[in-house]
Visitor: 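Below: one structure in structure tokens.
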Amino acid sequence: MVDAFGLAGPLLRLLQPETAHDLTLWALRRGLAPRDSAPDDPRLATTFCGLELSNPIGLAAGFDKDAAVIGPMLGLGFGFVEVGSITPRPQPGNPKPRVFRLPEARAVINRLGFNSAGLDVAEDRLRAWRAAGRPGVVGVNLGKNRDSADAAADYAAGARQLAPSADYLVIHVSSPNTPGLRALQGRGELEAILARVRAALAEAVPQGRRPPLLVKVAPDLTPADLDDIAAVALAGGLDGLIATNTTIARPAGLTGAHRGEAGGLSGRPLFEPATGILAELHGRTSGRVPLIGVGGVASGADAYAKIRAGASLVQLYSALIYEGPALVGRIKRELAGLLARDGLASVAEAVGTGKP
Ligand SMILES: Cc1cc2nc3c(=O)[nH]c(=O)nc-3n(C[C@H](O)[C@H](O)[C@H](O)COP(=O)(O)O)c2cc1C
């Protein structure tokens, strides 16, 4: 079997990042992916917003934007996969090149700008996935079209169309690459969007289980922004938060020829700021709002730090580019070892127990 990233990894890294990504998706769709068939350590089993997962490590949004490789990515050992961001109508995103590796910093800068095949393509693929009845938690991350004047209508359209095939839904208002998007994190804007999306959900899933509604936030929020978001969450406007997206900040000392490129920075330099925002949200919501921690995770210790800062689940993307698919199994083994070391029987026992 060809190892889609492992053996080919050094070769893939000679290509433009987006070309390498397209080639990886192509190989994954043809079944050229490694599988992690080892059962998960029972300590890693957990629940999130009523969903049951065999481990808390997930694939962050942006890798599988169009729901093309759900099965292969779950097969790598992820406990859950988040597809998207998906915009209502197809759109190409920003001009290329728009993804840059900073290998010295183990980081990535992207300004993709929501390239998306649109809701219809995603719906067909998600329905086919559901019809196959295969196990695995699949979240759906919703975006808005760049030229849309009514953001709430876009998120509501996404929820209406994809809720029946989503285990959870994410309102993505934190990309730095779509003009005006991050302003939607303000209290009034967020409440208005959530009200429209909830109405759409009631229509789309009149009976039975409605998918939990999460909001994904930026790492570049002020304390006042965080107060607003926590207030909306505590008022019951949403079911959980994802912290965080990429940052527009450029930490002092950032290395790499592409460090001056515009866009969102992810990977190792994001770990500290994203974990800080996560801890702030955990504190502001007194641990009452389920959180997913994402940003710079590349080891079991990183995942454990996110969990101790308040995350019930953890996601990653950038480290996969540098470490390849064996990373997922390694993180799970290391995390199970850390829980055992600290005498904890489950991930849930560790949530929010310490400072990062
Ligand atoms: C190339 C690339 C594309 C991304 N696209 C999306 C996206 O479409 N929607 C989204 O919510 N986040 C997107 N993200 C952000 C990731 O989901 C994640 O929040 C961020 O990269 C931090 O995690 P990491 O440091 O493990 O990569 C993208 C990240 C990268 C690197």
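Given the structure is predicted, the values throughout are model-derived calculations rather than measurements. Whatever order the structure lists ligands and atoms in, that order sets their numbers, starting from 1.
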Visitor: Among residues two or more places apart or on two chains, list those pairs meeting salt bridge (charged side-chain N to carboxylate O under 4.0 Å, His left out) that have a residue in residues 65-94.
Guide: R89-D147
Visitor: Please say whether A60 places an N or O atom under 3.5 Å from an N or O atom belonging to ligand 1.
Guide: no
Visitor: Between Y155 and H172, is the gap from one ring center to the other below 6.0 Å?
Guide: no
Visitor: Which ligand 1 atoms, with their elements, are less than 4.0 angstrom from a heavy-atom of L316?
Guide: 26 (O)
Visitor: Looking at atom 4 (C) of ligand 1, what's its closest protein heavy atom, distance included?
Guide: G62 CA, 3.6 Å
Visitor: At less than 4.0 angstrom from any non-hydrogen atom of H172, what atoms of ligand 1 do you find?
Guide: 9 (N), 10 (C), 11 (O)
Visitor: Do R250 and D220 pass the salt bridge (charged side-chain N to carboxylate O under 4.0 Å, His left out) test, and can you show the C-alpha distance, the side-chain angles, and the key distance before you say yes or no?
Guide: CA-CA 11 Å; R250 295 292 180 267; D220 310 306; over 6 Å; no
Visitor: Measure the distances from the heavy atoms of G295 to every atom of ligand 1 and state whether one is below 4.0 angstrom.
Guide: yes
Visitor: With a cut-off of 4.0 Å, which atoms of ligand 1 are near a heavy atom of G296?
Guide: 24 (P), 25 (O), 26 (O)
Visitor: Just say parallel, tilted or perpendicular for the rings of H21 and F63, cut-offs at 30° and 60°.
Guide: perpendicular
Visitor: Going by the order shown, which atoms of ligand 1 are within less than 4.0 Å of some heavy atom of K65?
Guide: 5 (N), 6 (C), 7 (C), 8 (O)
Visitor: With heavy atoms of G84 as the reference, note each atom of ligand 1 found under 4.0 Å away.
Guide: 8 (O)
Visitor: With atoms numbered from 1 as shown, which atoms in ligand 1 lie under 4.0 angstrom from a non-hydrogen atom of N245?
Guide: 11 (O), 12 (N), 15 (C), 19 (O)
Visitor: Got an N/O contact under 3.5 Å between F114 and ligand 1?
Guide: no
Visitor: Mind jotting down which residue pairs meet the salt bridge (charged side-chain N to carboxylate O under 4.0 Å, His left out) criterion with at least one end in residues 156-176? Sequence neighbours excluded, please.
Guide: R130-D167, R160-E203
Visitor: Please confirm whether the backbone N or O of V205 pairs with a side-chain atom of R210, one donor and one acceptor, at under 3.5 Å?
Guide: yes
Visitor: Which residue holds the protein heavy atom closest to atom 27 (O) of ligand 1, what is that atom called, and what is the gap in Å?
Guide: S318 OG, 2.6 Å
Visitor: Among R268, Q315, K216, which one has a heavy atom closest to atom 18 (C) of ligand 1?
Guide: K216
Visitor: Heavy atom to atom 17 (O) of ligand 1, shortest distance: which of A61, S85, G143 holds it?
Guide: A61
Visitor: Identify the residue among L327, V294, L59, D302 that makes a side chain to side chain contact (heavy atoms under 4.5 Å, CB included) with L316.
Guide: L327
Visitor: Under 4.0 Å from any heavy atom of N141, which atoms of ligand 1 are there?
Guide: 10 (C), 11 (O)
Visitor: Going by the order shown, which atoms of ligand 1 are within less than 4.0 Å of some heavy atom of T244?
Guide: 19 (O)
Visitor: Which atoms form the tightest heavy-atom contact between H258 and R101, and what is the distance?
Guide: CD2-O, 3.5 Å
Visitor: When you check the side-chain N and O atoms of S165 and R127, is any donor under 3.5 Å from an acceptor?
Guide: no
